[in-house]
2 protein chains.
Amino acid sequence: MRKDKRCSSDMEDYLEAILVLKRENKVARVRDISQLMNVKPPSVASALHTLSRDGFVIHESYGYVELTPEGEKLAKRIQSRHEMLNKFLREILCINPKIAAEDACRMEHAISQETSRKLTKFLEFVQTCPDHDRPDWLKSFDHYFKTGKRLKCKVRVLKQKDST
Amino acid sequence: MRKDKRCSSDMEDYLEAILVLKRENKVARVRDISQLMNVKPPSVASALHTLSRDGFVIHESYGYVELTPEGEKLAKRIQSRHEMLNKFLREILCINPKIAAEDACRMEHAISQETSRKLTKFLEFVQTCPDHDRPDWLKSFDHYFKTGKRLKCKVRVLKQKDST
DNA sequence: CAGATATGTTAGATTTGCCTAACAAGTAAA
DNA sequence: TTTACTTGTTAGGCAAATCTAACATATCTG
């Protein structure tokens, strides 16, 4: 099995932007990418050249930008990491949304597949928690974060039945 | 209050390496930095120039490398993030140590102060958990990760006393 | 102390990604 | 259809970070 092709964080960001634009507008154009990413059009042109050379996009002069299967796969991976990290930061750590978004943007390029998978599972675990709202320990963490003090832990009582 | 001076992730890595070397060997030399960071000595020289220009290190030709107070403060901040992330990845997510180390290395440059603080608190919370070993929900997460199935949750029983 | 070895520096090339300025192509409207 | 406007491309430059090759300094050892 051939290994996944790789690219720089910067190029990953371009792929992600292209995916977003195609979802929102059906097509991705140089101008839109440029605006979304806060770079000038020539930077986009240059990036597209690189991404095209490496087989992640198809782009003919003055045309729309298309993702290759390889490019789409990578873009989707990046984007799902982005969303997952965002959720983790906001819902578990209660980071303010603006900062969470910025952090997720950078972290998505920093984490391994293993960490990505584990974090995803972690979120799933918390979200499918039998508690109607946030699980008990997460509320307890909130309190700990705000006050530095630990709520009395109900679980403790139960656990003691195992020890004599 | 003046804002903290900033530098690139690459330069942050140099600062961190210098701090590590000073801790281990009392002094930091170009060669050691070069070996620790897997770059060639001229790259170190060039980085030291930059860091020196920006007030993070003091380095006279052929001498040891010293951190300025500013540089030391930043280096310590990076390093504590590094350790914190490492711990989080290993102890909460049970990532294999080698991968955890690599991820921590990259993530330390990606997270904001807010995320850093919250994660630190989160770790503290787990580690000061009344359970003798790992808190209940963490064991439960392990099981969830391995099997995809949720253990019956003892807490649930207790919580029900609050309803109705 | 003098040569050999290790360490550090300088010069200059390369890569990546960004920019501005100038030009080219497409689109819309008079 | 010809002019004006928008969009895209090319050329060329800059900054960061890396490298190799060549040179300089320091240190060790006979």
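Chain identifiers are assigned alphabetically (A, B, ...) following the order of the sequence lines, protein sequences preceding nucleic acid strands; residue numbering begins at 1 within each chain.
Here C:dC19 is the nucleotide among D:dA17, D:dT18, C:dC19 with the atom lying nearest to any side-chain atom of A:Lys40.
Within the 4.0 angstrom heavy-atom criterion, no nucleotide atom of any strand lies near A:His49. When heavy atoms are screened at a 4.0 angstrom cut-off, A:Ser46 is found touching no nucleic acid atom at all. At a threshold of 4.0 angstrom between heavy atoms, the contacts of B:Met37 with the nucleic acid are absent. As judged by a 4.0 angstrom heavy-atom cut-off over every strand, A:Tyr14 is placed among residues touching the sugar-phosphate backbone only. Looking at heavy-atom distances under 4.0 Å, A:Val44 makes no contact with the nucleic acid at all. Backbone-only engagement by B:Ser61 is indicated by non-hydrogen atom pairs under 4.0 Å involving sugar-phosphate atoms exclusively.
Look at CG on A:Asp10: it is 14 Å from C1' on C:dC19, rounded to the nearest Å. Atoms CG (B:Leu51) and P (D:dA16) sit 12 Å apart, rounded to a whole Å. When rounded to the nearest whole Å, the span between CZ of A:Arg53 and P of C:dT16 equals 6 Å. The interatomic distance linking B:Arg29 (CZ) with C:dA6 (C1') rounds to 10 Å, in whole Å.
Minimum interatomic distance between B:Lys5 and B:Asp54 (heavy atoms only, all atoms of both residues): NZ-O, 3.4 Å.
With a 4.5 Å cut-off on side-chain heavy atoms, B:Val30 and B:His59 count as touching.
OP1 or OP2 of D:dT9 lies within a sub-4.0 Å distance of a side-chain N or O belonging to A:His59. Phosphate contact (OP1/OP2 of D:dA17, side-chain N/O of B:Ser8, threshold under 4.0 Å): present. Considering only side-chain N and O atoms, A:Ser43 lies under 4.0 angstrom from the phosphate OP1 or OP2 of C:dC19.
Heavy-atom contacts from other residues, nucleotides or ligands closer than 6.0 Å to CZ of A:Phe122 number more than 12.
A salt bridge links A:Lys22 to A:Glu66: one of the charged nitrogens lies within less than 4.0 Å of a carboxylate oxygen.
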